[in-house]
2 protein chains.
Amino acid sequence: MDKRKKAKLAKKGWTVGSAAEFLDLSAEESAYLEMKLALSEKLKESRIRKRLTQEQLADALESSQSRIAKMEAGDRTVSLDLLVKSLLAIGVSKKELGKLIT
Amino acid sequence: MDKRKKAKLAKKGWTVGSAAEFLDLSAEESAYLEMKLALSEKLKESRIRKRLTQEQLADALESSQSRIAKMEAGDRTVSLDLLVKSLLAIGVSKKELGKLIT
DNA sequence: TTACTATATGTCATATCTGACATATACTGG
DNA sequence: CCAGTATATGTCAGATATGACATATAGTAA
């Protein structure tokens, strides 16, 4: 993982404890977190591009403002399912999702 | 028609395009189900390519034979998170996952 | 037939996720 | 300063997913 990605993840609070522990993330764990990060960033970007507030998006998705905030923040309690369903609902195509993950 | 029945029918081999119309699935729901289907097929293919039984894979992933079977069957109780984590653990790259979804 | 192996299916206690809510923080323009 | 708006964060009851287990089904070989 390059430094930029590490920094992004660290900024989101994904360090489990010490920096050493962070560096000990397995390849699978890193890949999984990177995927979630990419999706959360895309959600925020899409919402802003549509000029929606988190509250408005929450209403459209039948969710809540706080959960939208957590999605965009890449919170641990947010599932890939919710991120993917939300992105599809906001108009991001399956194809685009694939590219994001790649 | 409830979602459980929709999922069952969709699983029985209806083609996606017509199934979406007939089953009254939204574009997002179809895309989501297609993604899960692609991932579940890849999991089965990867397991068989490695000549592992469901039981052996379950041990490796610290899961159970029944859950592996449900993952490969695209069961509605299986999350994208579990599918993705399992695929990453079995050696499928993030990049490959992206292509699968596309 | 029987015995064995692999996979599928149903159930359930527990773990995890979710929407909702309260509240905090940040940034406006009075 | 205040009031309004948007976003972030913490908590929790209820919803959903999980591994484990029992059991069913399918295929193979003796």
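Throughout, protein chains are lettered first and strands after them, A, B, ... in sequence-line order, and every chain is numbered starting at 1. The structure presented is a predicted model; accordingly, all values stated were derived computationally and were not measured.
Taking atom CG of B:Leu57 as the reference point, atom P of C:dA6 lies 14 Å away to the nearest angstrom. At whole-Å resolution of the value, CG in B:Leu52 and P in C:dA6 are 11 Å apart. D:dA6 atom P lies 14 Å from atom CZ of A:Arg51, rounded to whole Å. Between the CD atom of A:Gln54 and the C1' atom of D:dA6 there is a distance of 7 Å, rounded to whole Å. Atom CD in B:Glu55 sits about 17 Å away from atom P in C:dC4, given to the nearest Å. Note: CG (B:Asp75) to C1' (C:dT9) measures 9 Å, nearest angstrom. If you measure from atom CD of A:Gln56 to atom P of D:dT5, you get 12 Å, rounded to the nearest angstrom.
Here the side chain of A:Lys85 pairs no donor or acceptor atom with the backbone of A:Leu80 at under 3.5 angstrom. In this structure a side-chain-to-backbone donor-acceptor pair under 3.5 Å is missing from A:Glu41 to A:Ala38.
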Margin query: Within the 4.0 Å limit for protein heavy atoms, which parts of nucleotides 15-30 of chain C are touched? Write it as a string from 5' to 3', B for base, S for sugar-phosphate only, - for none.
Written below: --SBBBB---------

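Here the shortest heavy-atom pairing between A:Tyr32 and B:Val84 reads CD1-CG1, 4.3 Å.
Taking the side-chain contact (heavy atoms from CB on, under 4.5 Å) definition, one finds that B:Leu100 meets it with B:Leu39, B:Lys42, B:Leu97, sequence neighbours left out. Scanning for side chain to side chain donor-acceptor pair (under 3.5 Å) contacts around A:Thr102 gives an empty result, with sequence neighbours left out.
Put simply, the side chain of A:Arg67 reaches to within 4.5 Å of the side chain of A:Thr77, judged on heavy atoms.
Between the axis at the start and the axis at the end of the helix from C:dT1-D:dA30 to C:dG30-D:dC1 there is an angle of 30°, using five pairs per end and rounding to 10 degrees.
Listed by first and then second residue, the salt bridge (Lys or Arg N to Asp or Glu O under 4.0 Å) pairs that reach into residues 86-95 of chain A are A:Lys94-B:Glu34, sequence neighbours excluded. Judged as a salt bridge (Lys or Arg N to Asp or Glu O under 4.0 Å), the pairs with a partner in residues 48-63 of chain A (not counting sequence neighbours) are, in order, A:Glu45-A:Arg49.
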